[in-house]
Structures are given as structure tokens and as C-alpha cells.
There are 2 protein chains.
Amino acid sequence: MTEQMLDRGRSLPRAKDTSQRNHNLHVASRKRALAKILKAGEVVFGRRGFDGATTAEIAKEAGVSKATVHYYFKTKSDLHKGVLDRILNVWADALNEVRADREPADALARYIARKMEYARKYPELTRLWAIEVLSGAKRIQPFLRGTSRQILSKKGKVIRHWIATGKMDPIDPTHLFFMIWATTQTYAETEAQMISITGKDALDKVFMRKATNTISHVILKGLGLIKV
Amino acid sequence: MTEQMLDRGRSLPRAKDTSQRNHNLHVASRKRALAKILKAGEVVFGRRGFDGATTAEIAKEAGVSKATVHYYFKTKSDLHKGVLDRILNVWADALNEVRADREPADALARYIARKMEYARKYPELTRLWAIEVLSGAKRIQPFLRGTSRQILSKKGKVIRHWIATGKMDPIDPTHLFFMIWATTQTYAETEAQMISITGKDALDKVFMRKATNTISHVILKGLGLIKV
DNA sequence: GTCTATAGCGCGATAGAC
DNA sequence: GTCTATCGCGCTATAGAC
């Protein structure tokens with residue numbers, strides 16, 4: 001997001017014969033408008049996917065006209081990139097719970113809890129990411145090949161360290177992370193399915209707490225981190 | 001699928017002044033054409049989602065003209081329904097591995113293996129289903145509220161029976177099934193992401209065998225079914 | 001039954017008034 | 001900066017020849 005905003009910010013005309021105060025006002029309203037449109041993009045892209053979403057619906061969701069959306073983001077694709085950029089950082093950040101100086105049970109429980117919290121708090125972003133991956137991940141390729149790969153290898157080493165020091169079962173870190181990502185994100189991704197099958201709101205606080213406990217129990221015990 | 005095909009079959013005009021032999025030939029070519037188009041629908045819908053897919057691309061994939069696609073399926077939406085119908089049965093069928101007369105470790109290991117096999121064999125169908133669920137599950141609502149709910153409650157009882165007889169840890173069956181679905185399907189759903197991150201083909205036979213072993217180990221042990 | 005050609009329209013994007 | 005009005009493309013769906 002940040003790059004996107006800065007890029008456009010730099011290329012926009014500036015008022016030259018007006019007061020600094022006025023300029024600041026404009027900057028503030030720019031920010032508000034941008035935030036509104038990005039938020040709307042999150043919701044609508046998360047609901048409909050890239051092709052299913054229309055700029056008209058995004059504009060309506062943001063409470064502005066279609067032309068205004070195109071004023072801030074030249075193309076639909078630009079807006080989509082802007083929205084995606086936000087999720088990448090949060091995604092990478094949560095993995096910092098996995099640290100070698102922690103006990104594996106503690107670190108992994110925190111990571112799982114954090115991912116679940118995130119699915120509950122930002123279901124649209126989670127779904128948006130899922131749609132992107134499902135449809136070939138073309139737009140997020142650079143991030144996956146760069147940041148993701150790097151972080152995964154770094155955190156994989158932490159897991160292998162825990163295994164080497166006999167703290168947990170010898171489980172391939174890559175598959176372990178895939179498991180954690182899948183089990184946590186599924187609560188946002190398949191919310192509609194869960195509601196239809198169980199009759200309960202999948203992102204309800206109580207339901208999610210129970211889910212978190214279950215996932216934590218199965219995974220931690222499955223790794224040999226709970227003995228009982 | 002079957003309903004769809006039968007419905008359309010019944011409503012189509014029949015040759016009246018031609019031989020039975022000719023009629024049979026027509027029926028056979030009808031079946032072939034239908035199968036080609038449905039298979040193409042699977043691939044293209046699985047690749048692009050409903051809105052991203054175009055009837056032109058489906059026609060090309062099937063090796064027929066756009067008009068021919070519309071001849072067999074009046075609307076794009078009809079074809080989509082036809083494709084979805086196929087996945088529902090397989091989905092429900094795999095759960096039959098979970099039976100009260102089996103040992104839980106055996107039954108669940110088989111079920112997990114079956115789901116993984118399925119993800120490897122029919123990645124397009126798996127992705128198609130995922131896209132459908134992600135975008136609100138409107139089109140599969142009847143199936144979810146009917147068959148899915150019914151099966152889940154039946155199989156949930158099996159799990160609870162195992163728990164009651166002290167064979168496994170007291171884990172909520174619903175969340176357990178969500179875990180199994182998420183961890184197995186993710187290999188088809190996030191194939192693109194996995195390739196970018198690991199540099200390996202996520203649906204490769206060896207990679208998948210390792211994944212199956214890892215998932216089985218963690219889940220079975222996590223349920224108290226492996227003691228070591 | 002399958003094709004080519006085209007109707008009809010929804011959508012992304014832009015021009016231009018305010 | 002935000003709007004209304006509109007352009008023009010690309011898509012679904014159909015008409016009609018073979």
C-alpha cells in the first residue's frame with residue numbers, strides 16, 4: 001500500500017498559490033479518501049474476487065463516485081495491488097512469534113492464536129489473499145519468491161533447532177507451516193460453508209476460542225509438545 | 001451432474017424418422033460432447049473462477065465453438081452448476097472411510113490419505129469448490145444445508161463414540177473435520193503459493209507422500225492415537 | 001449438431017463541468 | 001477533487017446457414 005500511495009502522491013499536482021494550512025487540509029482529505037477506497041476495495045475484492053468486483057460496487061461501498069475511484073487509482077488493477085500490499089506485512093509479521101529463544105510450545109501456541117485472531121479480525125483480507133493464491137498467485141509472485149521464501153527458511157531453522165535439541169518430534173517445518181496456515185485461515189475462508197453446515201457463525205468469538213483450543217491441542221500434542 | 005444431463009437430455013428434440021442405430025450414435029456423441037465441455041469447464045472455472053472464466057476459453061479448451069457450449073448449456077451459470085455437481089458426490093463419498101467398526105487411527109489415516117489423493121488427482125475440482133465457498137457458497141447452499149450437514153452429524157457421532165469408549169482425546173468433531181479438510185485441500189488450493197515458496201511442485205507424488213505422512217502423524221498423535 | 005456472425009449490454013476508463 | 005455523462009471494448013447469448 002505504502003508504495004502505491006507515495007507514488008500517486010508524488011505524481012499529483014500541488015496547489016501552488018495557496019496557504020500551507022490549505023495544503024495540509026487537502027493532504028488530510030486525500031488520506032481519508034484513499035483509506036475509504038482501500039477499505040472498500042478490501043471488502044468488495046474479498047467478496048467477489050478480482051473479476052467479480054466492479055469499480056461501481058467499490059465506489060458505492062466507499063461512498064464516492066466511480067470516477068473518484070479512478071482518480072485515486074488509475075486502473076482497477078492498481079487498486080487491487082494497493083489492497084494486497086496491506087496484507088503482506090501483517091502476514092509476515094505474525095511469524096515473528098516463532099523465535100528460537102522461546103519454548104516451542106509457547107511460541108507455536110502464540111503463533112496459532114495470532115493467526116486465528118487475524119482471521120477473525122480481517123476475514124476480507126484473508127479471503128482476498130486466498131482468492132489471489134487460488135487463481136495462480138501471479139500478482140503476489142514477487143512477494144512469495146522474496147519475503148515469504150526468506151522468512152520460511154529462517155523460521156524453518158528455528159523449528160529444526162528445536163528438533164535437534166530434542167524439544168519436539170522431527171516434523172518437516174515446511175509442511176508444519178502449511179498445516180498451521182491452512183487450519184487457521186480456513187475459518188475466514190470457508191466461513192460461508194461453516195455457517196451453512198453448523199448453523200453457527202464461524203467467526204463468532206466463542207466458536208473461534210474453541211477452534212483455537214482444538215487446533216492448538218492437536219498440533220502441539222501432535223508435535224510431541226504436550227505429553228498427557 | 002447427472003440431474004443436469006438428464007434434464008437437458010429429456011428436453012432435447014429427438015430424431016423421429018431415423019434408425020435406432022443412428023439415434024444411438026447421436027446419444028453417444030452427445031455424451032462425448034457433454035463430457036468434453038464439462039471437463040473443460042472444470043479446468044477453466046478452476047483456473048479463473050466463475051467471473052474470470054469466459055465461454056470462449058471453455059469452448060477452446062473443449063475444442064468446440066462458443067455456440068456449441070451454449071447449445072448444451074443454455075447459460076454459463078448452467079454449465080457451472082453442472083461442473084459443481086460432480087464434486088459433491090466424491091466429497092461426500094470419501095467420508096465413508098470414517099466408520100464406527102474401524103479403529104479410529106486406521107479410519108482417520110485412510111480418510112486423510114483419501115482426501116490427499118483426491119487433491120492430487122483433481123486439483124481443478126478442489127479449487128473450483130474452494131472458489132465457490134470463498135465467494136459466499138450461494139450456489140452450493142442446498143447441498144451444504146442438506147447432505148453435508150447430515151453426513152457431518154452422522155460422522156460426528158462416530159467420533160464421539162470413539163471418545164466415549166476412551167479410544168481418543170475429547171476433541172470436538174466439527175473442528176476436527178474442519179482441520180482435516182483444510183490441511184488436505186490446501187495442497188491443491190495453494191499449489192501456486194507452495195511452488196513459489198518452496199520451488200517444488202506441491203502436487204508431486206513424493207512431496208505429497210511426505211505431506212500425507214506429516215499430516216497423519218500430527219493429527220493422529222494430536223488426538224492421542226499414537227503414543228510414542 | 002455445429003458452425004460464423006452479430007446483437008446487446010455491462011463494465012472499465014475518461015472527458016469535461018463545477 | 002468530485003461529480004455526471006459517455007465512449008468503446010469484450011463478453012454472454014442468439015440467429016441463421018450448413
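No hydrogens, no waters, no symmetry mates; every other heavy atom, side chains included, goes into these values. Predicted model only: the values in this text are computed from it and were never measured. Within every chain, numbering begins at 1; the chains are lettered A, B, ... in the order of the sequence lines, protein sequences first and strands thereafter.
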J.: Going by side chain to side chain contact (heavy atoms under 4.5 Å, CB included), name the residues that satisfy it together with T184(B), two or more places apart in sequence or in a different chain.
T.: I112(B), K115(B), M116(B), I180(B)
J.: Enumerate the residue pairs fulfilling salt bridge (charged side-chain N to carboxylate O under 4.0 Å, His left out) with a member in residues 185-212 of chain B, sequence neighbours excluded, ordered by first and then second residue.
T.: D172(A)-K210(B), R127(B)-E191(B)
J.: Take the protein atom NZ of K76(B) and the nucleotide atom P of dC9(C), then report the distance between them rounded to whole Å.
T.: 18 Å
J.: Centre-to-centre under 6.0 Å for W181(A) and W129(A), is that the case here?
T.: no
J.: Can you list the residues that meet the ring pair (Phe, Tyr, Trp, His ring centres under 6.0 Å) rule with F50(B), with sequence neighbours excluded?
T.: F45(B), H80(B)
J.: Can you sort out the partners of V43(A) under side chain to side chain contact (heavy atoms under 4.5 Å, CB included), two or more places apart, ordered by chain and number?
T.: K39(A), R47(A), E61(A), E124(A)
J.: Check salt bridge (Lys or Arg N to Asp or Glu O under 4.0 Å) between R99(B) and all other residues, then give those that pass, not counting sequence neighbours.
T.: D101(B)
J.: In dot-bracket form, how is DNA chain D paired, counting a Watson-Crick or G-U wobble pair only if both its distances are under 3.5 Å and using | for bases paired to another strand?
T.: ||||||||||||||||||
J.: If the condition is ring pair (Phe, Tyr, Trp, His ring centres under 6.0 Å), which residues does Y111(B) pass it with, not counting sequence neighbours?
T.: none
J.: Run the side chain to side chain donor-acceptor pair (under 3.5 Å) test against S196(A) and tell me which residues pass, sequence neighbours left out.
T.: Q141(B)
J.: Looking at residues 47-55 of chain B, who's got a heavy atom less than 4.0 Å off DNA chain D?
T.: A53(B), T54(B), T55(B)
J.: What's the closest nucleotide to the Y72(A) side chain, out of dT2(D), dG1(C), dC3(C)?
T.: dT2(D)
J.: Could you list the residues that satisfy side chain to side chain contact (heavy atoms under 4.5 Å, CB included) with A109(A), not counting sequence neighbours?
T.: L220(A)
J.: Apply side chain to side chain contact (heavy atoms under 4.5 Å, CB included) to A192(B) and list each qualifying residue two or more places apart in sequence or on a separate chain.
T.: A137(A)
J.: What protein N or O atoms touch nucleotides 14-18 of chain C N or O atoms at under 3.5 angstrom, if any, and at what distances?
T.:
unit_1, atom_1, unit_2, atom_2, d
dT14(C), OP2, K74(A), NZ, 3.4

J.: Could you tell me how far apart K36(B) (NZ) and dG1(C) (P) are, to the nearest whole angstrom?
T.: 13 Å
